[in-house]
Chemist: 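If you scroll down you'll find the structure; I have some questions about it.
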Amino acid sequence: MSVETDPAQHAVPAGLISRSHLGIEPFSLNRPASLVDAASMVAAGAWAHAGGIDVAQRLRNGEVAPALVPLCRPGRESYGGLEVLDAISLGDGVLFIGAAVTHARIETDRLVRTVRPDLADAWRTIGNARIRSTGTLGGNLMAFDSGYDAAPILAAAGAELIFMEPDGSERRFALADRPRDRLLVGCEVPFAGHVVYERSLKPVASVAVGDNHIAIGCAYPEVEVLPSGAADVDAVNAALGELADPTDDVFASAAYRRRVIDVLVGRCLELHAAGAMNDGDLGSDGAYPPNASRREAVAFTGHPAESLSDDLVDIELRLNGEPFSASTPASEMLVDTIRSRAGLGGTRVGCDQAVCGACTVLVDGHPTASCSTFAWQTDGRDVLTIESGRSAAAGDRLTGPAAALSAVQRAFAELSAFQCGYCTPGLILTASALLARHPDPDRTTICDWLDSNVCRCTGYLMVIEAVEAASAALRSPSSPMQDGAP
């Protein structure tokens, strides 16, 4: 069944979030035809957009963007000439990671795990399941938030950031010197090296220790980078002694932060000393030749950029397995499209900050914060809401998270893993995505996936037990997942 909407019947004023608390000022979408186009737009004041979680929050908090520059097509395909932004490749002794690469991909990519497994392990701790599946390297770095995790990890690894000028030339910066008004292409990390990252005491402080650099997050207005590494403990202590006083705020006093920094650095130094230094060995099969050079991508400059107004953007997607089309303002969030245009009320509006998990839906099987995802980002993609469980109940043959959904719902009901129910759809969908990827997760993995889905009623134990029960049911010989699981 194809569901179409009449813009006149479902009119939503441009820039207004129909079911959220704050409006967003109208903006234009400027779709670049090349890397140089994108660099020129960003230098002129437009905002780069890849995952877009931070962009959505900035707009919701009252900032005004003259235009957004999407760096990825819906479905995460790159625009022609922008492929380098979504690339992970090898250079001369360095690993290149493009600015539009998601955190989840860095965590799981075979090339990253081969060349710099320490980075992949550190990336596993970033944000939560929704942020890792949507957020990008570039968005994390260019938010200039001292509490974000990518900056201290890369600073400690000695990464070099690559930016593009409007004329197509490249400029390189250390992380601490990165400019705010230029297009980030990506970063290069040396093959050799080892980083240990400790974030257990955020938002007080986080610490990354590498061979030649130490980086401190959360404790200063911007990430503090010390030019001393694990190889020289005396130099580390001297550098720590020269640090200015940390931030004194509601989270912690400056004195407490100072103590925490000392403790975390000590922990990381011990772990670094215990870990083997990575030599960047790729093995003997030579399976990873470098991708096309950035200069080849830069050469594509021949087409004018496409500019769209904020009035209406036509989108077509599959919603719970059925075609769905709509014309939405560029500023409309996915949660509002689902609730107001599709009439599906199971997706909740909670914190409006991509934190609580009540708005979670699955986009191409990945948990996604629909309160901070623009509707046009899902054009051409598959979106599942809690209502997709009706298809499973009807006996339709399903695979992936959709196949797991019915078992998870049944386990939640049988084990009373809910009370008020407001957060329950987000928990069930996140758990379904987890079981599609990890059919037999241990309790630590379950907690890792669900720790950002806030529930004020259950105390979580029944939720965890329900996920374990659903996992057991799905692994039974009679489960449809045994035939159709990816």
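If you read the sequence from its start, that first residue is 1, and numbering goes on from there.
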Chemist: Could you work out, with salt bridge (Lys or Arg N to Asp or Glu O under 4.0 Å) as the rule, every residue matching D54, not counting sequence neighbours?
Modeler: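 With sequence neighbours excluded, D54 shows a salt bridge (Lys or Arg N to Asp or Glu O under 4.0 Å) to no residue whatsoever.
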Chemist: Applying salt bridge (Lys or Arg N to Asp or Glu O under 4.0 Å), name anything that partners R199, two or more places apart in sequence or on another chain.
Modeler: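 Checked R199 against salt bridge (Lys or Arg N to Asp or Glu O under 4.0 Å); matches are D149.
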Chemist: Mind checking what makes salt bridge (Lys or Arg N to Asp or Glu O under 4.0 Å) contact with D121, not counting sequence neighbours?
Modeler: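 D121: salt bridge (Lys or Arg N to Asp or Glu O under 4.0 Å) contacts with R113.
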Chemist: The criterion is side chain to side chain donor-acceptor pair (under 3.5 Å); which residues satisfy it with D262, sequence neighbours excluded?
Modeler: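 Testing D262 for side chain to side chain donor-acceptor pair (under 3.5 Å), a comparison that skips the adjacent residues, returns none.
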Chemist: Give me each pair satisfying ring-ring contact (aromatic ring centres under 6.0 Å, His included) with a member in residues 144-171, each pair once, sequence neighbours excluded.
Modeler: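 As it turns out, the ring-ring contact (aromatic ring centres under 6.0 Å, His included) pairs with a partner in residues 144-171, which skip direct neighbours, are F163-F173.
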Chemist: Could you tabulate the donor-acceptor pairs under 3.5 Å formed by side-chain atoms of residues 215-224, not counting sequence neighbours?
Modeler:
{"from": "Y220", "atom 1": "OH", "to": "A244", "atom 2": "O", "distance (Å)": "2.7"}
{"from": "E222", "atom 1": "OE2", "to": "R180", "atom 2": "NH2", "distance (Å)": "3.1"}

Chemist: Mind checking what makes ring pair (Phe, Tyr, Trp, His ring centres under 6.0 Å) contact with F412, not counting sequence neighbours?
Modeler: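 If we apply the ring pair (Phe, Tyr, Trp, His ring centres under 6.0 Å) test to F412, skipping adjacent residues, there are no hits.
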Chemist: List in chain and number order the residues that pass ring pair (Phe, Tyr, Trp, His ring centres under 6.0 Å) with H213, two or more places apart in sequence or in another chain; answer none if no residue qualifies.
Modeler: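 Partners of H213 under the ring pair (Phe, Tyr, Trp, His ring centres under 6.0 Å) test: none.
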Chemist: Suppose we screen for side chain to side chain donor-acceptor pair (under 3.5 Å). Which residues come up paired with S471, at least two apart in sequence or across chains?
Modeler: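 Residues passing side chain to side chain donor-acceptor pair (under 3.5 Å) with S471: R475.
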Chemist: Which residues satisfy the side chain to side chain donor-acceptor pair (under 3.5 Å) test with T108, sequence neighbours excluded?
Modeler: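 If we apply the side chain to side chain donor-acceptor pair (under 3.5 Å) test to T108, skipping adjacent residues, there are no hits.
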Chemist: Could you work out, with side-chain contact (heavy atoms from CB on, under 4.5 Å) as the rule, every residue matching R318, not counting sequence neighbours?
Modeler: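 Partners of R318 by the side-chain contact (heavy atoms from CB on, under 4.5 Å) criterion, ordered by chain and then number, come out as P323, D382.
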Chemist: For E63, enumerate each residue passing the side chain to side chain donor-acceptor pair (under 3.5 Å) test, keeping only those at least two apart in sequence or located in another chain.
Modeler: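 Expected list: R58.
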